[in-house]
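Notes to accompany the following structure.
The figures here come from the full heavy-atom set of this structure, side chains too, leaving out hydrogens, waters and symmetry mates.
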Amino acid sequence: MKTLDPRQSIERNIAMELVRVTEAAAMAAARYLGMGNKELVDQAAVSAMRGVLGDIRMDGIVIIGEGEKDQAPMLYIGERIGDGSDLKVDIAVDPIDGTNLVARGLPGALAAIALSARGTMNCPKQFVYMNKIVTGREAKDVIDINAPVAENLENIARAKKRKVSEITVVVLDRPRHEQLLAEIRSAGARIKLISDGDISASIQAALPETGVDVLMGIGGMTEGVLSAAATHCIGGSIQGKAWPRDEKEKEAARVAGVDLDKVYHTEDLITSEDVFFAATGVSSGELLKGVRYFSGGAQIQSLAMRSRSGTIRWIDAWHNFEQLDKLDI
C-alpha cells in the first residue's frame with residue numbers, strides 16, 4: 001500500500017472552494033445554451049472560472065488548460081493561479097467538457113477542475129488523444145488496455161458478478177471506433193454511445209449504480225488526466241495509451257523519446273494520494289442536473305470529491321443573483 005508523502009499532503013479540504021469555481025463557469029456558460037456558438041460558451045466559462053480561481057488561497061500552476069500562452073489569454077498552461085499563498089498545487093481545468101453540447105442545447109455538459117500537490121499532475125503533451133479504459137472499484141484490478149476487448153469485458157463481468165450481456169460500455173460516437181464497437185457487440189455487451197463529454201462518461205463508469213460499467217475508446221488526452229483525478233477519488237481505475245493521429249505525431253514522439261507503448265495508469269497521471277475534483281452541470285445529463293433559472297437566480301448541481309477521505313458529495317445550490325452582485329464575486 002502506498003504511503004502519503006507529507007510533502008504532498010493538502011490539509012485543507014479545498015474541494016468546496018473548487019465547487020465555487022465550477023459553479024461560476026457553469027452559470028456563465030449556461031446563458032448561451034442552444035445559441036450555436038461554442039466559442040462564446042467557452043469564453044464565458046473561462047472568464048468566470050479564472051475570476052474565482054484568482055481569489056483562492058493557493059499558489060497554483062495550470063498544468064492542463066486552454067493551451068499555450070500565445071493562444072489563450074487566460075487559464076493557459078503554466079499560468080500562476082490563486083492569491084500566492086503557500087499552498088503549492090497543480091491544477092487541471094476543463095471550463096466546459098462538451099462545448100458542442102451547450103452550443104447545440106444538448107444534455108450532459110459540465111464544468112470541471114482537478115487539483116493535486118505541486119509536481120504530481122502529469123500530461124503527455126505530445127499527444128491530443130489517448131486510448132482509454134475506465135471502470136470502478138469492483139473491476140479496477142482486472143482491466144488491461146492491451147488485452148482483447150472480449151477478455152476485458154469477461155473479466156469485468158466476472159468481477160461484478162454479472163453476465164457480459166449485462167455489462168454496459170460507454171463509447172464516443174466517432175468513425176474511429178467502428179472496430180471497437182464491432183468487438184463489443186461480438187462479445188455480447190451493451191453499448192451506450194455519446195456524442196461528447198468523456199469526463200462525465202468516465203465518472204459514470206467509475207461510480208457504482210449508474211448504469212454504465214466501463215468506458216472504452218479514444219478521447220482527449222487532457223480529459224484523460226481530469227478523468228484520472230475523478231476516478232482516483234472514487235476508487236476506480238483508468239488505463240490509457242497515447243494515440244498518435246498521424247505519422248507527424250508519431251515522429252515527434254520518437255524525437256522526444258516518448259514510449260508509444262507505455263500504459264498510463266491512474267497513478268502515472270496523478271502521482272499524489274491527495275487529489276481534489278469538482279464538477280458542475282451546465283446542461284442536464286445523467287450525471288448532473290444543468291443550470292435551471294428562476295426569477296432572480298439559478299439552481300445548480302455539483303460534485304465534489306477528495307481522494308484521501310474517499311468522500312463524494314452531490315451539492316444542490318440555489319443562487320440569488322441580487323445577493324451575489326452585492327458581494328462582487
Side-chain angles (χ1 to χ4, degrees), residues 38-39 42 46 61-79 90-100 112 114 116 118-134 143-149 151-152 169-184 194-199 201-202 214-229 231-232 237-271:
K38 68 177 185 178
E39 286 77 19
D42 191 56
V46 169
I61 295 179
V62 176
I63 303 301
I64 292 172
E66 292 295 285
E68 302 300 328
K69 184 176 181 179
D70 59 350
Q71 298 174 331
M74 58 183 73
L75 293 183
Y76 55 83
I77 296 169
E79 184 178 5
D90 287 345
I91 297 169
V93 298
D94 194 340
I96 299 296
D97 180 38
T99 52
N100 280 320
S116 63
R118 177 70 52 81
T120 62
M121 195 174 286
N122 306 298
C123 181
K125 295 181 176 63
Q126 294 87 358
F127 305 101
V128 175
Y129 292 106
M130 72 187 304
N131 189 20
K132 312 169 193 175
I133 181 169
V134 183
I143 58 172
D144 179 359
I145 198 165
N146 287 322
V149 169
E151 182 178 323
N152 272 311
V169 187
V170 63
V171 181
L172 277 168
D173 189 5
R174 300 287 188 272
R176 62 179 177 259
H177 288 146
E178 183 178 344
Q179 180 61 34
L180 171 63
L181 293 172
E183 292 181 34
I184 295 170
I194 58 171
S195 62
D196 293 279
D198 63 346
I199 294 176
S202 293
V214 57
L215 174 141
M216 289 182 171
I218 298 153
M221 177 70 77
T222 56
E223 287 85 351
V225 179
L226 278 150
S227 297
T231 301
H232 184 35
S237 178
I238 181 172
Q239 292 181 21
K241 291 180 71 173
W243 190 76
R245 292 174 293 179
D246 49 36
E247 287 300 321
K248 184 177 179 181
E249 280 195 3
K250 286 183 181 179
E251 182 58 27
R254 293 190 192 99
V255 171
V258 176
D259 182 3
L260 291 173
D261 293 321
K262 177 178 172 60
V263 175
Y264 296 92
H265 295 79
T266 310
E267 56 270 23
D268 295 314
L269 300 171
I270 307 285
T271 60

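Counting heavy atoms from C-beta outward, Val128 and Met221 have side chains that stay 4.5 Å or more apart. Taking the side chain as every heavy atom from C-beta outward, Val225 and Ile270 approach each other to under 4.5 Å. Counting heavy atoms from C-beta outward, Asn100 and Ser195 have side chains that stay 4.5 Å or more apart. Using a 4.5 Å cut-off on side-chain heavy atoms (C-beta onward), Glu66 and Asp42 make contact. Counting heavy atoms from C-beta on, the side chains of Leu172 and Ile218 never come closer than 4.5 Å. Contact annotation: the side chain of Asp94 never approaches that of Thr222 to less than 4.5 Å [non-hydrogen atoms, C-beta and beyond].
Under the side chain to side chain donor-acceptor pair (under 3.5 Å) criterion, Ser116 pairs with Thr120, sequence neighbours left out. The side chain to side chain donor-acceptor pair (under 3.5 Å) search around Glu151 returns none, not counting sequence neighbours. Residues meeting the side chain to side chain donor-acceptor pair (under 3.5 Å) test with Lys241, sequence neighbours left out: Asn146. Legend: residues meeting side chain to side chain donor-acceptor pair (under 3.5 Å) with Glu249, ordered by chain and number and at least two apart, are Arg245. Under the rule for a side-chain contact (heavy atoms from CB on, under 4.5 Å), the partners of Leu180 that lie at least two apart in sequence or sit in another chain are Val149, Val171, His177, Ile184, Met216.
Of all the heavy atoms in Asp144 and Gln239, the pair that sits closest is CA-OE1, 3.5 Å. When all heavy atoms of Ile143 and Ser237 are compared, the closest pair comes out as CD1-OG, 4.0 Å. Among all heavy-atom pairs drawn from Pro244 and Lys250, the shortest one is CB-CG, 3.5 Å. Contact between Ile238 and Ser227 at its shortest, heavy atoms only, is CD1-CB, 4.3 Å. The minimum heavy-atom distance between Gly65 and Val93, with the atom names listed, is CA-CG2, 3.8 Å. Closest of all the heavy-atom pairs between Ala201 and Leu215 is CB-CD1, 3.6 Å.
Atom OH of Tyr129 has 12 or fewer neighbouring heavy atoms from other residues, nucleotides or ligands inside a 6.0 Å radius.
Atom-to-atom distance recorded for Thr271:OG1 and Met121:CE is 9.0 Å, nearest 0.5 angstrom. In this structure, CD1 in Ile63 is found 12.0 Å from CD in Glu79, a value given to the nearest 0.5 Å. In this structure, Asp259 CG and Tyr264 OH are separated by 7.5 Å, a value rounded to the nearest 0.5 Å. Put simply, CG on Asn152 and CD1 on Ile133 are 4.0 Å apart, with the number rounded to the nearest 0.5 Å. Remark: His232 NE2 to His265 NE2 distance equals 14.5 Å, nearest 0.5 Å. For the atom pair OG1 of Thr231 and CG of Leu226, the computed distance is 10.5 Å after rounding to the nearest 0.5 Å.
The backbone N or O of Ala242 lies less than 3.5 Å from no partner atom in the side chain of Lys262, so there is not a single donor-acceptor pair. The backbone N or O of Ile199 lies less than 3.5 Å from a partner atom in the side chain of Asp97, making a donor-acceptor pair.
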(request) Kindly indicate, with the supporting measurements, whether the criterion side chain to side chain contact (heavy atoms under 4.5 Å, CB included) is fulfilled by Asp268 and Asn122. (result) CA-CA 7 Å; Asp268 295 314; Asn122 306 298; over 6 Å; no
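Ion pairing between Glu251 and Lys248 fails under the 4.0 Å rule for side-chain N and carboxylate O.
Contacts classified as salt bridge (charged side-chain N to carboxylate O under 4.0 Å, His left out) and involving residues 170-182 (residues at least two apart or in different chains) are given here: Arg174-Asp196.
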